Each structure stands twice: as structure tokens, then as C-alpha cells.
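Structure first, then comments.
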Amino acid sequence: CKYLEKVINPQCLSALEKCYGAADATTSVHSLRDNATCVSLEPEPWRTSSECAYADRYCNGALSWTTYANTYDVRVGARMPPDDYISYLQSKEFMTAVGANPEIQYAECSDSVFDQFSSTSDEVSRSAMASMEYILDRKVPMLLYTGDADFICNWYGTMLVARALRWHGSKTFQDAGQVPWKWPTTSGKRIDAGEYWSADNLTFLRVYQAGHEVPYYQPQASLYMLAQFLWHKQLY
């Protein structure tokens, strides 16, 4: 941890600053906030693929070899979720039930698609924050959730992103306190499943004892989360 703090973090931040330049990660959205058109996700002129590619390689690589943690579940002895669900999602029965195009087969992760995005440094050179702000300012309900054992999309980072968003409810969200979140069993008992922060149309949920694929680790809680948000547009 000390090595990460004193050596890796400064060099990583320096590389990211070269990627993002003097502007901040959400510069592009503010000139478009009142525009009816969608926010462009093209890289801003103050970013270059080579600088962003280096930042991506250095920061991700350094974290990997200094921690040796499972990036999807940092708990000791963690194993990857099984992929037997893929055959179910590819079955004719399932595809017919959800109205999927029978000519398109489900794939968990496409290496060819990833390689194309990675070749343009998409992971760090294009920020989704501009689009998120655009959506929030149009009062569309938004739910962000992260498992607290996830490393690659850790809940600390997701929370920082949520608090950094600039929209009509920014101040209210930044001042919001955490609220315990529980899901009810059939017996009526409510089980601690996480905690959330919410203001206006933005909610961030930290799910307890869950890795990257939250529904695998906490299936009942995940279903309850989805139902709450779809029916009531917020958690409670």
C-alpha cells in the first residue's frame, strides 16, 4: 500500500493528466447542456491516443502486479463465476421468450470488440460523465451500483464519480447521507444488503459481499434492486 501511495499513484496521476490535458473530464458537456442533440463521445482535441494508451497500460498494469488481487473479487480465495448461463442465454427457448434476433448469438465478452476499443485507448480517453450529466439534467432516473468486493469497478471510485457529476442535483447528492438498504425474505425478515446515497433522480448503491457480477453473488438482492428501481424509480 505504501509503495502504491508513494510511487505508483503519483506516476499514474501524471500519466492521466497528460491524457486529459489541462481540461477536466467533463469539459465537453457544458457547452452542450442546453442543446437538444445528444452529447458526442468523440475524443476531445486535448486528448491523444498515445498518451492515453500509456496511461491505461501503466496504471492498470502497475495495479495488477503490485496487488496480485483478483480484479473482479478481492476476497481471499475468490473464484470467477461459472459461465454455464451462457448456453441458457443462447438457447432458442430463451431467445424466443425475450424476442431476441435468432441470427445474433449472445457472447459474454467479445475479444474482437474489446481489441477495437482498446486500440483507441477508449477506456481512459472517453469519459461517460458528460453523457451521465446530460441524462441527469433531463431528470431521467439513474441508478449506479457496485459490489463492495469488486476491484476493477470499485465502489470508492464509483462514489467519487457520482459526487463529481455536475447537474441540477449535485449539491444535494454531495450532502446526502448513507441509508441502509435491505431486501425482504418471504418470512418478512429484512436482510442487510447494502447502503445507498440518493438525491433527486440519482442513486448510488454499494452492495455488500458482492464482486464484479453483482447478481451472481447476491441474486435475491439484485432482483429486489432491479424491481425497486423499475417500479418506483428509486431505492428505499
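This structure is a prediction, so every number in the text was calculated from the model and none was measured.
- In plain terms, the two heavy atoms of A78 and N70 that are nearest each other are O-ND2, 3.8 Å.
- Smallest separation of non-hydrogen atoms from P81 and E213: CG-OE1, 3.6 Å.
- Distance check, rounded to the nearest 0.5 Å: SG of C59 to CD of Q11 gives 9.5 Å.
- Using a 4.5 Å cut-off between side-chain heavy atoms of Ile, Leu, Val, Met, Phe, Trp and Tyr, with links allowed through other members, L144 and L235 fall into different hydrophobic clusters.
- Both I191 and Y236 belong to a common hydrophobic cluster when Ile, Leu, Val, Met, Phe, Trp and Tyr are linked at side-chain heavy-atom distances under 4.5 angstrom.
- Under the ring pair (Phe, Tyr, Trp, His ring centres under 6.0 Å) criterion, Y72 pairs with H212, not counting sequence neighbours.
- When the side chains of ILVMFWY residues are joined at heavy-atom separations under 4.5 Å, either directly or via intervening members, M159 and L143 end up in two distinct hydrophobic clusters.
- When side chains are defined from C-beta on, F173 does not count as touching D200, because their heavy atoms never get closer than 4.5 Å.
- Inter-residue side-chain proximity for H168 and K139 is flagged as met; some heavy-atom pair is nearer than 4.5 Å.
- For the pair M142/T203, no side-chain contact is recorded, criterion being any heavy-atom separation below 4.5 Å from C-beta on.
- A distance-only check finds no donor-acceptor pair linking the side chain of R190 to the backbone of P184 [under 3.5 Å].
- With contacts defined as side-chain heavy-atom distances shorter than 4.5 Å, the pair L165/L202 qualifies.
- For the pair P180 and E195, the minimum side-chain heavy-atom distance is 4.5 Å or more.
- Nearest approach of A193 to A221, heavy atoms of both residues: CB-CB, 4.0 Å.
- Between the side chains of Q228 and Y224, at least one donor N or O sits under 3.5 Å from an acceptor N or O.
- Note on Y216: it does not cluster hydrophobically with F151, by side-chain heavy-atom contacts below 4.5 Å among ILVMFWY residues.
- Side chain of S14 to backbone of P10: no donor-acceptor contact under 3.5 angstrom is found.
- Residue A164 comes nearest to E133 through the heavy atom pair O-OE2, 4.3 Å, listed as atom of the first residue, atom of the second, then distance.
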Trace of the side-chain contact (heavy atoms from CB on, under 4.5 Å) decision for W167 with R138 | CA-CA 9 Å; W167 55 295; R138 278 146 185 80; over 6 Å; no

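- Formation of a donor-acceptor pair under 3.5 Å by the N201 side chain with backbone atoms of V140 is found in this model.
- Of the possible donor and acceptor atoms, none in the side chain of T96 sits under 3.5 Å from a partner among the backbone N and O of E93.
- Both M132 and Y156 sit in one connected hydrophobic cluster of ILVMFWY residues. Membership requires side-chain heavy atoms under 4.5 Å apart, directly or through other members.
- Between V207 and D148, the closest side-chain pair of non-hydrogen atoms is not below 4.5 Å.
- Distance CD1/I152 to CG/D73: 12.5 Å, rounded to 0.5 Å.
- A search for ring pair (Phe, Tyr, Trp, His ring centres under 6.0 Å) contacts involving W197 returns F204, not counting sequence neighbours.
- Residue L89 holds its CG atom at 5.5 Å from OH of Y106, rounded to the nearest 0.5 Å.
- Judged by distance alone, the side chain of D83 and the main-chain N or O of I86 form no donor-acceptor pair under 3.5 Å.
- The neighbour count for Y145 OH, taken as heavy atoms of other residues, nucleotides or ligands under 6.0 Å away, does not exceed 12.
- With 3.5 Å as the limit, one finds no donor-acceptor pair spanning the side chains of Q178 and R206.
- W181 has its side chain within reach of M225: a pair of non-hydrogen atoms, C-beta onward, lies under 4.5 Å apart.
- A donor atom on one side chain and an acceptor atom on the other are found under 3.5 Å apart for E108 and Y85.
- By the 30° and 60° cut-offs, the orientation of the rings of Y58 relative to Y54 is parallel.
- When all heavy atoms of Y217 and G211 are compared, the pair lying nearest together is CD1-N, 3.0 Å.
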